[in-house]
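Keep in mind it's a predicted model, so treat the numbers as computed, not measured.
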Amino acid sequence: MAYPSARTDPAFQTPGASRGLLDVFSHRYLLTLLLRKGITTRYYGSALGWIWSYIRPAALFLMYFLIIGVVFGANQGIEAYPIYLFAGIIAINLFNEVLRNATTAITDNAVLVQKIYMPRELFPVAATGVAIVHFLPQVILLLAVTLFSGWTFGWLAILAFIGGLVIIVTFSLGLGLFFGAINVQYRDATNFVDLILMFSTWASPILYSWEMVESIVPNWLFQLYMANPITTAVELFHNAFWLPIAPDSARPDNMLMNVGIALVLSFGTLAIGQAVFRKAEANFAQAL
């Protein structure tokens, strides 16, 4: 009886061969383990535990509301400003956490990367999943506040939330794969990401309105500002949670076009990040 060789056996896979993000779907069990590890160790040894998922965004909201809203008067210029502000904060928090976690996912799991072969994309994807899990309490808190303020269920609001979530996760994971691959060889990537995170809150209409930007910059620069995927995602979150509370507020023109541009840029960033990651992953174990 003839047995198939390694080259002809359809069940044989060359060790270390990668199909990129597609491998994540065929290693769901490992992904579940990494997710569980990330979730359980997030607040390990903490007395308050998951309560920090509420305290941190609440403290950030309070600081921005008092300084930007009260001291600088944004609370008077934007209707239902607390909801407007908090919707933007949870959107940018998700972007920041996914990008930060994905960038350090390989170096944080250096022992596993050096000793065991598994698809390297599992680490940044699991880090993204952990960020989403800790994002959910913030959404629940915001939803509770909006319901108390008169928010009613609407399919357009739900679609806006899902669209914003897809843009943020796709764009930040793409950036995380890109900088995560570079960070294995050059730790300067983490410092560069820190700069991005430092400016991210101010580069989108979170603390202020898009109308303020439109009134002070040339039209071409405003269009570039609106093409930023995070700006579009923040506006989608505003559509989902804030607009039903303040229905008479102005909305940006060409919102659907901006969403299309944001989706193209987000998935394009994911494709570039994946390409860079796959090219670099063969040297991860040696570099670590």
Results of side-chain hydrogen bond (donor to acceptor under 3.5 Å, both in side chains) for [X] - residues two or more places apart only:
X: Ser249; answer: none
X: Glu79; answer: none
X: Asn191; answer: none

Locate the shortest heavy-atom distance separating [X] from [Y]; write the atom from each residue and the value.
X: Ala203; Y: Thr231; value: O-OG1, 3.6 Å
X: Ala131; Y: Leu94; value: O-CD1, 4.0 Å
X: Val234; Y: Ser204; value: CG2-CB, 4.2 Å
X: Thr146; Y: Leu143; value: OG1-O, 2.8 Å

Residues joined to Phe199 in its hydrophobic cluster, side chain to side chain under 4.5 Å directly or through other members, sorted by chain and number, are Leu195, Met198
Run through the side-chain heavy atoms of Ile, Leu, Val, Met, Phe, Trp and Tyr, join any pair under 4.5 Å, and report what else lands in Met257's cluster. Ile261, Leu265
Residues two or more places apart in sequence or in another chain: which of them pass ring pair (Phe, Tyr, Trp, His ring centres under 6.0 Å) with [X]?
X: Phe123; value: none
X: Phe192; value: Phe179
X: Phe65; value: Phe61

Could you tell me whether the side chain of [Y] reaches within less than 4.5 Å of the side chain of [X], counting heavy atoms only?
X: Ile196; Y: Leu99; answer: yes
X: Arg120; Y: Arg278; answer: no
X: Val193; Y: Thr190; answer: no
X: Asn183; Y: Arg187; answer: yes
X: Thr232; Y: Pro229; answer: no
X: Trp242; Y: Phe237; answer: no

Quick check against the 3.5 Å criterion: does [X] have a side-chain atom that pairs as donor or acceptor with the backbone of [Y]?
X: Ser209; Y: Pro205; answer: no
X: Ser200; Y: Leu197; answer: yes
X: Tyr84; Y: Tyr208; answer: yes

How long is the gap from [atom1] on [X] to [atom2] on [Y], to the nearest 0.5 Å?
X: Thr104; Y: Asn109; atom1: OG1; atom2: CG; result: 8.5 Å
X: Phe135; Y: Ile132; atom1: CZ; atom2: CD1; result: 8.5 Å
X: Thr103; Y: Asp108; atom1: OG1; atom2: CG; result: 10.0 Å
X: Ile89; Y: Asn96; atom1: CD1; atom2: CG; result: 11.0 Å
X: Leu122; Y: Leu35; atom1: CG; atom2: CG; result: 9.5 Å
X: Leu66; Y: Ile68; atom1: CG; atom2: CD1; result: 10.5 Å

If you look only at pairs with a residue in [range], which of them pass as a salt bridge (Lys or Arg N to Asp or Glu O under 4.0 Å), with sequence neighbours excluded?
range: residues 250-259; result: Glu235-Arg251
range: residues 140-156; result: none
range: residues 195-211; result: none

Working for side chain to side chain contact (heavy atoms under 4.5 Å, CB included), residues Val125 and Leu31: CA-CA 8 Å; Val125 170; Leu31 179 62; 4.0 Å; yes
Step by step, work out the side chain to side chain contact (heavy atoms under 4.5 Å, CB included) result for Leu236 and Met255. CA-CA 9 Å; Leu236 285 173; Met255 189 64 188; 4.0 Å; yes
Please say yes or no: joined through hydrophobic side-chain contacts below 4.5 Å, possibly via intermediate residues, are [X] and [Y] part of one cluster?
X: Tyr225; Y: Val217; result: yes
X: Leu142; Y: Phe148; result: no
X: Phe86; Y: Ile67; result: yes
X: Val130; Y: Ile140; result: no
X: Leu224; Y: Val264; result: no

Do other residues, nucleotides or ligands put more than 12 heavy atoms under 6.0 Å from the CG atom of Leu256? no
Side chain to side chain contact (heavy atoms under 4.5 Å, CB included) between Asn93 and Gln138: does it pass, once the steps are laid out? CA-CA 10 Å; Asn93 279 354; Gln138 302 174 38; 3.5 Å; yes
Side chains of residues 154-177: which donor-acceptor pairs under 3.5 Å do they make with residues two or more places apart or in other chains?
from	atom 1	to	atom 2	distance (Å)
Thr170	OG1	Val166	O	2.7
Ser172	OG	Ile168	O	2.5
Ser172	OG	Val169	O	3.3

Yes or no on side chain to side chain contact (heavy atoms under 4.5 Å, CB included) for Glu214 and Met226, after CA distance, side-chain angles and deciding distance? CA-CA 10 Å; Glu214 186 180 33; Met226 294 302 298; over 6 Å; no
